[in-house]
Structure formats: C-alpha cells, structure tokens
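Some notes on the structure that comes next.
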Amino acid sequence: MKHINTSGEKSAILLIYTGGTIGMKEDPAVQALKPFNFSQILEEVPELGKFAYRIDSYTFDPLIDSSDVEPSLWLSLAELIEERYDSYDGFVILHGTDTMAYSASALSFMIEGLTKPVIFTGSQLPIGAPRTDGKENLISSVEIAAAKDSEGHAIVPEVCIYFDTVLIRGNRASKTNSDNFRAFRSPNFPPLAEAGINIRYNTGLIRRPEDWSRRPVFHKTLDTRVSILKMHPGITPQIVRTIICGQDTRAVIIETYGAGNAPSKEWFLSIVQDASSMGKILLNVTQCQAGSVNMDIYATGKCLKDAGVMNGYDSTTESALGKLFHLLGLHNDNCDVKAGLESDLRGEISK
Ligand code: ASP
C-alpha cells in the first residue's frame with residue numbers, strides 16, 4: 001500500500017494496479033514490454049500530487065497482461081473494493097486494455113447498488129513513453145472517481161471505463177481499436193462524461209442508487225460454464241453441436257448475424273432445439289458492433305425464438321458473458337437465470 005501526500009484532503013481514492021501497458025516498460029533482454037513496479041508509475045505521474053485528494057495505491061502480485069485475466073481476478077477486485085469500501089470515495093483500476101471491457105462488465109454485475117465510482121483505465125502507450133496516453137487517462141480517471149455533487153454524493157456511482165477523454169459505462173464497452181488512442185467504444189449507449197477543458201457529465205444518463213446509505217451487495221459467486229458460438233458461413237453441424245451441446249456448458253451466447261439471424265437450415269435448428277431441451281440457456285447477441293437483436297423481423301430469427309433462444313437485445317458479448325457468469329452463479333434454477341437475462345440489471349441493455 002502506497003500513499004501520496006496531498007494537502008487539503010477532500011476525497012480519498014484507491015488506485016488499484018493489476019497490470020497492462022500503462023505500467024509496462026521495455027525489457028531489453030527480451031525486447032518486449034514487461035510489467036514494472038507500481039511505485040515507478042507514481043514517479044511518472046507527479047501531477048497526481050497536485051490533487052487535494054488522498055490517493056492510496058494497491059498493487060496486484062503478480063502483475064498481469066490482461067490477456068491472462070481470469071474470473072479469479074474479478075473476485076479479488078470485488079473483495080478488495082468490498083473490504084476498503086468505507087475508506088474511499090472512489091476506486092480507479094489500472095488494467096490492460098485487451099480484456100478491460102470483460103472485467104468492467106463482470107464487476108458491474110458483481111457489485112449491486114454501487115454508491116461510489118469504480119473507474120477502469122489503462123493506456124495504449126506505456127506511461128513512461130513520451131507520447132503516452134496513460135497520464136491523461138489516469139489523471140482524469142482519478143478526478144472522475146473523486147467527483148461529488150452539491151449533496152456530497154458521487155457524480156458517477158457506476159463501473160465505467162475512462163479512455164481518451166470519454167467515460168463510458170463498463171458493461172456497454174468494447175475494445176474496438178488495437179492502436180488508436182480511442183480504443184473503446186460504447187456503440188449502443190452515449191458516453192456518461194466527456195473531458196475537455198472541463199469534464200462534462202451526462203447526469204441524466206448516469207445510474208444512481210435507490211438508497212445512498214445502503215452498502216452495495218457484492219456477489220462473489222460466478223459460474224463460468226458458458227460458451228460462445230460465433231455464426232459464420234460454412235460452420236458445420238459438428239462444430240455447432242460441440243459448442244452448444246457440450247455437457248460442461250450451462251449457457252451459450254450465440255453471436256448471430258444482423259438483427260439476430262442465423263441459418264434456417266434444418267440441421268442447425270434441430271441442434272438448437274436439442275440444446276434447449278437439454279436445459280441449455282441460449283442467448284442471442286448480434287455480431288454487429290451496434291444495434292439490437294429483434295427475433296421478430298425475419299423468419300430466421302423467429303425460428304430461433306421458437307426454439308427457446310433468448311433475446312440479448314443490444315448487449316455486447318463482453319457484457320453478456322459477465323451477466324451470465326453472475327446469473328448462473330446466483331441461481332440454480334434456469335427460470336431465475338432467464339428472468340435475469342430479460343431484465344436490465346445495471347444499464348447493460350435497452351429494451
Ligand atoms: N496486452 C496489454 C493488456 O491488455 C495491452 C494493453 O494494456 O493495452 O494487458
């Protein structure tokens with residue numbers, strides 16, 4: 001635990017470092033980026049000391065490239081936030097960009113009734129690089145995590161991603177660019193804030209808890225028996241059956257075409273029906289970057305609906321995965337899982 005001294009302390013922020021490019025540097029021995037000690041990040045961003053906040057930091061050990069993220073990291077993050085919830089006004093999580101949208105989605109479901117900001121950020125260039133985007137991302141994330149309204153409530157009590165001047169809801173985000181500074185998009189929901197000279201909050205869109213005085217509920221049971229079937233021309237019956245009827249699979253996200261369409265071929269529908277009657281939960285999410293599933297437009301979508309496939313609406317795949325892990329962990333009864341999938345739990349779908 002590190003502490004940055006600032007004067008005239010107003011808010012307390014916990015900076016949680018999990019790994020990722022933001023804290024990496026070139027290892028000359030292997031000529032590749034490797035994570036370095038978090039204390040060096042603080043040396044790189046002396047600007048943090050200018051805030052009138054108390055900023056503590058927590059570093060995960062080992063630090064990981066986010067391609068190695070597992071649900072165990074989400075559990076550790078949820079536990080850490082739960083343990084320190086009363087000591088801080090907001091949390092900033094430094095995380096690799098590759099799986100940040102998965103982690104932000106999962107955390108949004110794992111914490112119910114959030115009253116404080118949990119802001120994920122990272123960078124495309126290491127914080128020590130001359131043209132780094134990491135400094136602005138980190139500094140603005142801290143400012144957003146500390147921001148309060150006139151009543152002293154957090155302005156953004158949500159799990160979000162802040163990147164390249166835009167704050168987006170975590171469970172609406174996807175990484176859409178591997179080298180542009182604007183790495184994340186929220187195609188189906190407007191930004192919650194945009195940073196220019198001032199940070200402008202879209203307060204009408206930001207979710208607020210029903211009761212500010214109630215502690216959130218931390219859900220720490222995840223059931224990961226979920227597979228993803230991405231439809232493509234040429235997919236074979238063997239592959240479809242293996243992915244959706246596997247005995248270790250409890251739910252399947254089917255990434256369909258357009259507004260939720262899949263082949264109308266007899267063999268495909270019969271496998272989907274088999275999976276349904278085996279008790280698999282099947283969720284239809286579009287592989288389009290934006291827009292929603294509507295299984296009533298085309299006959300191909302209607303067949304899926306008739307076979308018991310559920311509507312994922314405008315959910316991202318990342319969000320659908322986190323939601324399913326959470327709902328399957330919470331409920332043994334598939335009817336309860338299905339009711340949860342139909343509901344907008346954390347602002348993740350628009351119906
Ligand atoms: N591979 C890195 C990670 O996700 C990329 C990044 O941080 O941007 O950890």
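Just the heavy atoms: all of them, side chains too, but no hydrogens, waters or symmetry mates, feed the values below. In this text, all values refer to a predicted model and were calculated from it rather than measured experimentally. Every number for a ligand or one of its atoms is a count from 1 in the order of the listing.
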Are a donor atom and an acceptor atom from the side chains of Q289 and T176 found within less than 3.5 Å of each other? no
Residues forming a ring pair (Phe, Tyr, Trp, His ring centres under 6.0 Å) with F163, sequence neighbours excluded: F184
Listed partners of H331 passing ring pair (Phe, Tyr, Trp, His ring centres under 6.0 Å), at least two apart: none
Using atom types as modelled, flag every donor-acceptor pair under 3.5 Å from a side chain in residues 257-264 to any protein atom, sequence neighbours excluded.
| unit_1 | atom_1 | unit_2 | atom_2 | d |
| --- | --- | --- | --- | --- |
| Y257 | OH | H232 | N | 3.2 |
| N261 | OD1 | T300 | OG1 | 3.3 |

Side-chain (Q124) to main-chain (N180) donor-acceptor, under 3.5 angstrom: yes
Flag, side chain of S141 to backbone of N137, donor-acceptor distance under 3.5 Å: yes
Put together the list of close N/O pairs, under 3.5 Å, between ligand 1 and the protein, could you?
| unit_1 | atom_1 | unit_2 | atom_2 | d |
| --- | --- | --- | --- | --- |
| ligand 1 | 1 (N) | D65 | OD1 | 3.1 |
| ligand 1 | 1 (N) | D65 | OD2 | 2.9 |
| ligand 1 | 1 (N) | D98 | OD2 | 2.8 |
| ligand 1 | 4 (O) | S66 | OG | 2.5 |
| ligand 1 | 4 (O) | T97 | N | 3.3 |
| ligand 1 | 4 (O) | D98 | N | 3.0 |
| ligand 1 | 4 (O) | D98 | OD2 | 3.4 |
| ligand 1 | 7 (O) | T21 | N | 2.8 |
| ligand 1 | 7 (O) | T21 | OG1 | 3.0 |
| ligand 1 | 7 (O) | T97 | N | 3.1 |
| ligand 1 | 8 (O) | T21 | OG1 | 3.2 |
| ligand 1 | 8 (O) | T97 | N | 3.4 |
| ligand 1 | 8 (O) | T97 | OG1 | 2.4 |
| ligand 1 | 8 (O) | S123 | O | 3.3 |
| ligand 1 | 9 (O) | D65 | OD1 | 3.4 |
| ligand 1 | 9 (O) | S66 | N | 2.6 |
| ligand 1 | 9 (O) | S66 | OG | 3.4 |

